[in-house]
Amino acid sequence: SVRELEMWSAAASQLAVAVENARLLREAQAALRVREEFMSIASHELKTPLTPLKLGLYSMERRIAAGQPVELASVLKSKRQVDRLAGLVEDLLDASRLELGRLALNSAPLEVGQLVAEVVDHFRHAFERPFSVEVPPDGVWMLGDRDRLEQVLVNLLENAHKYSPAGAPIAVRVERTGEAARIQVQDHGIGIPGADQAQVFQRFYRARNVSHRNFGGLGLGLFISHSIVKMHGGSLALCSREGEGSTFTLDLPRMAAHEVRRLPRRVLV
Ligand code: ADP
């Protein structure tokens with residue numbers, strides 16, 4: 001009867017609402033778990049450099065009070081820990097700026113080859129590892145935020161270094177493609193398992209072959225880099241094989257020859 005039909009349809013829609021509520025609850029619980037897990041990892045990551053830093057400073061204080069010399073090596077060690085802390089805090093701030101849409105670019109014409117060569121040079125001096133760099137001799141120009149692009153390069157090189165065995169070479173190449181300034185960073189490190197490759201650009205995501213104990217990290221670097229590259233109208237892609245290595249390819253819209261010719265002289269020199 002019509003009455004019975006109405007009852008069944010009311011029951012069916014109530015059931016649908018209940019199923020939907022249960023799904024929403026599961027989602028909210030999962031989101032909470034992710035957040036709690038993140039809080040615990042973030043606190044651990046922040047605390048790791050803080051403990052030795054505190055001990056180091058206390059011991060320097062004692063030495064100075066006792067009229068003993070403080071070794072440069074201990075100061076440098078503390079400085080490295082402060083740098084690491086500052087880097088973590090900066091990444092957390094950038095991730096939140098991105099989430100709130102408050103990260104703005106400050107773009108100007110720049111030559112990609114020179115920027116890349118400078119960053120690679122810095123890594124050569126900081127680490128005992130062969131870093132090679134190839135850039136086109138006649139320059140590749142683009143409109144971009146120099147500091148933010150430098151941040152992306154530093155992140156890609158830091159990852160290549162962190163996830164590679166000691167002594168393995170890292171190669172950086174800049175080339176001009178049809179419409180892009182292409183930068184590639186290639187390492188021969190641990191690689192990224194196929195199943196994780198699509199997710200590594202997501203916030204907080206870390207591949208299953210990196211454990212929090214062996215390699216510190218918050219899983220924010222690639223999320224921030226990918227976002228900065230997208231804001232420039234570019235793309236960031238990866239090609240990797242677990243156990244063999246990874247190549248990250250960064251394509252940024254480059255300026256055409258006639259646009260470069262129109263740049264004021266003071267920019268070009
Ligand atoms: P973090 O290094 O702090 O974990 P990132 O966002 O920079 O965070 O990278 C996310 C994840 O991508 C890393 O945890 C790691 O699993 C993987 N990854 C990134 N770069 C490399 C690389 N060069 N080699 C191997 N794995 C990498």
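Order of appearance sets the numbers: ligands from 1, and atoms from 1 within every ligand. Sequential numbering from 1 along the given sequence is applied to the chain's residues. The basis for the numbers below is simple: all heavy atoms, side chains too, and nothing from hydrogens, waters or symmetry mates.
In terms of protein heavy-atom proximity, atom 8 (O) of ligand 1 is closest to G219 CA, 3.1 Å. The closest protein non-hydrogen atom to atom 23 (N) of ligand 1 is D187 OD2, 2.8 Å. Closest to atom 4 (O) of ligand 1 among all protein heavy atoms lies R206 NE, 2.5 Å. Nearest protein heavy-atom contact of atom 7 (O) of ligand 1 is N159 ND2, 2.9 Å. Protein heavy atom at the shortest distance from atom 12 (O) of ligand 1 is V200 CG1, 3.4 Å. Of the protein's non-hydrogen atoms, the one nearest atom 2 (O) of ligand 1 is Y163 OH, 2.7 Å. The protein atom (non-hydrogen) at minimum distance from atom 18 (N) of ligand 1 is I192 CD1, 3.7 Å. The nearest protein atom to atom 5 (P) of ligand 1, hydrogens excluded, is given as L222 N, 3.6 Å; this is a heavy-atom distance.
Of the heavy atoms in V210, only side-chain atoms (C-beta onward) come closer than 4.0 Å to ligand 1. Contact annotation: for L220 versus ligand 1, heavy atoms closer than 4.0 Å belong to the backbone alone. Contact annotation: for D196 versus ligand 1, there are no heavy atoms closer than 4.0 Å. The backbone of Y205, and not its side chain, has at least one atom closer than 4.0 Å to an atom of ligand 1 (non-hydrogen atoms only; backbone = N, CA, C, O).
A pairwise comparison of heavy atoms in S225 and L236 identifies CB-CD2, 4.2 Å as the closest pair. Across all non-hydrogen atoms, the minimal contact from A42 to L218 is CA-CD2, 3.7 Å.
By the 3.5 Å distance cut-off applied to N or O atoms, N209 is not counted among the residues near ligand 1. Residue F248 has no nitrogen or oxygen atom sitting less than 3.5 Å from a nitrogen or oxygen atom of ligand 1, judged on distance alone. Ligand 1 has an N or O atom lying under 3.5 Å from an N or O atom of L218, backbone or side chain. Where the criterion is an N or O separation shorter than 3.5 Å, residue side chain and backbone included, G221 meets it with respect to ligand 1. The N/O atoms of A207, backbone and side chain alike, include one that comes under 3.5 Å of an N/O atom in ligand 1.
Distance alone, capped at 3.5 Å, places no donor-acceptor pair between the R254 side chain and the R182 backbone. No donor-acceptor distance shorter than 3.5 angstrom exists from the side chain of R176 to the backbone of W141, with no hydrogens or angles considered. With hydrogens and angles disregarded, a donor-acceptor distance shorter than 3.5 Å links the side chain of R129 to the backbone of P165.
Ion pairing between a basic and an acidic side chain is recognised when a charged N comes within 4.0 Å of a carboxylate O; E259 and R262 show no such pairing. At a threshold of 4.0 Å, the pair R146-E150 does not count as salt-bridged, since none of the basic side-chain nitrogens sits closer than that to a carboxylate oxygen. Salt-bridge check for R97 with D94: passed, with a basic side-chain N closer than 4.0 Å to an acidic carboxylate O.
A side-chain donor-acceptor contact under 3.5 Å links R148 and Q151. For the residue pair Y163 and N209, no side-chain donor N or O sits within less than 3.5 Å of a side-chain acceptor on the partner.
Side-chain contact between K162 and V210 is absent, with no heavy-atom pair separated by less than 4.5 Å. You'll find the side chain of L157 reaches within 4.5 Å of the side chain of F131, heavy atoms only.
Contact analysis leaves G189 out of contact with ligand 1, as no non-hydrogen atom separation drops below 4.0 angstrom. In this structure, K162 is part of the shell of residues with a heavy atom less than 4.0 angstrom from ligand 1.
If you look at F123 and H161, their ring centroids are not closer than 6.0 Å.
If you number the atoms of ligand 1 from 1 as listed, the ones under 4.0 Å from a heavy atom of G217 come out as 3 (O). Near N155, meaning under 4.0 Å from any of its heavy atoms, are these atoms of ligand 1: 7 (O).
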